[in-house]
Amino acid sequence: MTERDVMDFDVVVVGGGPAGLATAIHFANLVERHNAAVRKSGHGEEVAPQICLIEKAAELGAHSLSGAVMDPKGLDALLPGWRTMEPKAPVEAEVHDDYAMWLTKAGGFKFPITPPPLKNHGNFVVSLNKLVKWLGGIAEQKGIQVFPGFPGAKLVREGDRVTGVQLGDAGIDKHGQPKGNFQAGGILAGKVVVIAEGSRGSLTKQLVADLHLEGKNPQVYGIGVKEVWEVPKGQCAPGLVVHTMGYPLDSHTFGGGWIYGMGETEGGKNMVSVGLVVGLDYRDPTMDAHRQLQLMKLNPKVAPFLRGGKMLHYGAKSLPEGGLYAMPRCYGDGFLLVGDAAGVMNSMRLKGIHLAMRSGMLAAETAFACLQKGDTSAAATVAYEQKMKADWMHEELWKCRNFHQGFHKGRLAGLVNAGFATMFGGKGTFWSDELKSDAGHTYMRKVGEYFGGKGKPQCDKLAEDGTLTFDKLTSVYSSGTLHEEDQPCHLVVTQPDLCSTRCVEEFGNPCQHFCPAAVYEMEEKAGTKHGVELKINASNCVHCKTCDIMDPYQVINWVTPEGGGGPNYTNL
Ligand code: SF4
């Protein structure tokens, strides 16, 4: 048995995104406030709880990607003086103009009014990885021990109680044998473990399944694919926010696109963010979000924003779209779930950063109070759920609770449902107060069923021009993705035989299409039933988790690779 060092903490935060960092910063603020009150009143005792935060990326922000137009409500609550702080918060531009467009293949038109959920005046265009780096600096100033490059490989449990996190081992070769530089991952023991590992995290997935924490609906996800461009000055005003609907997605596929003017960043370059979200509950087994983004950029209403420019960065991530009724139970013995891991996202507004931060703050308050009482059992951590229910974040999530589910009856029905919800402040939804849904992969149709009916194949080759449109490998290069090559594959296919047999026949190996980073390939292989075998190019993986979510047989398990591996996002 491998010997592992154990380090003791009061609070261990897993994940250095906005939710995890908000947890850490707010916890440190609560400690400061408590001690200041003790000093002033002369009553009680000062405390010095130990808190640490781990992040799988080599540096904070390198794996953080978002749309991202940020509602400042979360940051206002966390750091009320952020607008005048030094170093300055890295917001790119305040939104000054926004509109929505309906796209068709040949063009499109501007909506006469901007749908209220897509109004963004007063919000900020941000680069999430820059914002996260900035928050990380604040956390460190407050004495939080931040450990980048350390993935949480598994939760340590005693029965239902989470007692810590085991870090990933380093220095294991691709056959699972220790190399000369082998280092066993230590255990960070914590009285409270705050899981902030993002969308479809491997620890959260296991915990939800083991402890039956599922919400009323299974979580449904979307995948966001995004590029950042440098374009000629004047082509897209800083703070301009454009949302798109329609083309290239069909009427049974949830999603939409965006173009955001980021303004001058990176040494005076004029930057634009362009991206597309595709619901991971689509029917078409050949759906490819990367390809859909390339098609969207060819649209005559979108292409002019990018003409004469250069694509600088690419990234992809999944996002929890299921809403309030898909949130798991977010507390238990010794643990709390925050941010995307908790499913706090407003898919109607395409916003989650403010909610992620707010959930982190409420988790910090709960953890602090539990430690003060000396009780971190579920009977005490339930206070987190109560705090969320009493907070503005619950009101916001309640208003859009059925938004995504409404689209399961098609785009028109979804838009009508969303319109009703908006008109009546969430009080009246079109069909039901609590729309049901299934897990996203169950909506995918088999090839024969989809293409035998009205569906039309999408997988005809798109002739990427290398100027406006790119193939996946070029895009992966722009994501800065790197992994140690000689390590066990972090994409664990639990029944590989299925790939070259049933999956070929039934779904046509959709992993080749849904992975936005060309990780999965069907290679020719003599002697197999269909002459093909799955090849996994794991080093391309941008950690979006789409394969874990959308595999129709649910036999792909994304686990954390060696620390520091993955994309290296900048400006995304
Ligand atoms: Fe995303 Fe999976 Fe592809 Fe990695 S392998 S980029 S997690 S779909």
Side-chain angles (χ1 to χ4, degrees), residues 15 56-57 62-66 151 168 174 197-205 219-227 275-282 284-293 313-321 340-341 440-441 444 470-485 487-494 496 499 503 507 509-523 534-562 564-569 572:
K56 67 182 167 66
H63 290 183
S64 298
L65 176 148
S66 166
K174 58 183 166 202
E197 58 175 350
S199 180
R200 188 70 163 205
S202 47
L203 305 184
T204 314
K205 180 180 163 185
Q219 185 57 270
V220 283
Y221 299 85
I223 176 175
V225 279
K226 172 177 176 178
E227 294 174 358
L276 180 71
V277 169
V278 178
L280 289 176
D281 46 7
Y282 53 75
D284 179 356
T286 65
M287 175 58 73
D288 177 340
H290 174 274
R291 182 177 188 278
Q292 299 293 313
L293 175 61
H313 308 293
Y314 167 78
K317 89 170 275 264
S318 58
L319 41 149
E321 290 264 357
D340 278 2
H441 68 277
M444 188 190 286
F470 306 95
D471 61 25
K472 282 188 186 174
L473 289 180
T474 306
S475 297
V476 173
Y477 180 77
S478 304
S479 70
T481 300
L482 274 180
H483 289 89
E484 163 62 52
E485 296 278 345
Q487 65 168 306
C489 183
H490 71 279
L491 302 146
V492 182
V493 181
T494 55
C499 307
C503 193
F507 291 97
N509 301 112
C511 57
Q512 305 173 95
H513 308 295
F514 61 54
C515 172
V519 168
Y520 299 98
E521 263 181 79
M522 294 310 290
E523 259 191 339
L534 179 66
K535 181 180 172 206
I536 302 179
N537 306 303
S539 54
N540 286 359
C541 177
V542 295
H543 297 195
C544 73
K545 324 281 176 65
T546 301
C547 50
D548 192 303
I549 297 163
M550 217 43 206
D551 168 50
Y553 306 100
Q554 293 292 283
V555 296
I556 300 179
N557 214 11
W558 187 99
V559 298
T560 48
E562 196 169 297
N568 185 13
Y569 292 145
L572 282 161

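Side-chain atoms are counted along with the backbone in the values below, which use heavy atoms only and exclude waters and symmetry mates. Atoms within a ligand are numbered from 1 in the order they appear, just like the ligands themselves.
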Considering only protein heavy atoms, which is closest to [atom], and at what distance to one decimal place?
atom                    : result
atom 7 (S) of ligand 1  : Lys545 N, 3.0 Å
atom 3 (Fe) of ligand 1 : Cys515 SG, 2.3 Å
atom 4 (Fe) of ligand 1 : Cys541 SG, 2.3 Å
atom 1 (Fe) of ligand 1 : Cys544 SG, 2.3 Å

Quick one: closest heavy-atom pair of [X] and [Y], and the distance?
X      : Y      : value
Asn509 : His513 : O-CD2, 4.0 Å
Ala518 : Asn537 : O-ND2, 3.3 Å
Pro510 : Pro285 : CB-O, 3.3 Å
Phe514 : Thr546 : O-CG2, 3.7 Å

Requested in this report: Could you name the option among Asn540, Val542, Asp548 that has the heavy atom nearest to atom 6 (S) of ligand 1?
Outcome: Val542

Report task. Measure the shortest side-chain to side-chain distance between Asn557 and Lys205 over non-hydrogen atoms and say whether it is less than 4.5 angstrom. Result -> yes

Query raised in the report: Hey, are the side chains of His63 and Pro567 touching, using non-hydrogen atoms and a 4.5 Å cut-off?
Result: yes

Requested in this report: Kindly say whether the aromatic ring centers of Phe507 and Tyr553 come within a distance under 6.0 Å.
Outcome: yes

**Report entry** atom 1 (Fe) of ligand 1 to nearest N/O/S of Cys547 below 2.8 Å
**Finding:**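 False for Cys547.
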
Report task. For Leu491, take its heavy atoms, then give the atoms of ligand 1 lying under 4.0 Å from any of them. Result -> 5 (S)

**Report entry** Sub-4.0 Å atoms of ligand 1 with respect to non-hydrogen atoms of Trp558
**Finding:**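 Contacts of ligand 1 toward Trp558, numbered from 1: 7 (S).
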
Report task. Work out whether the distance between some heavy atom of Tyr520 and some atom of ligand 1 is less than 4.0 Å. Result -> yes

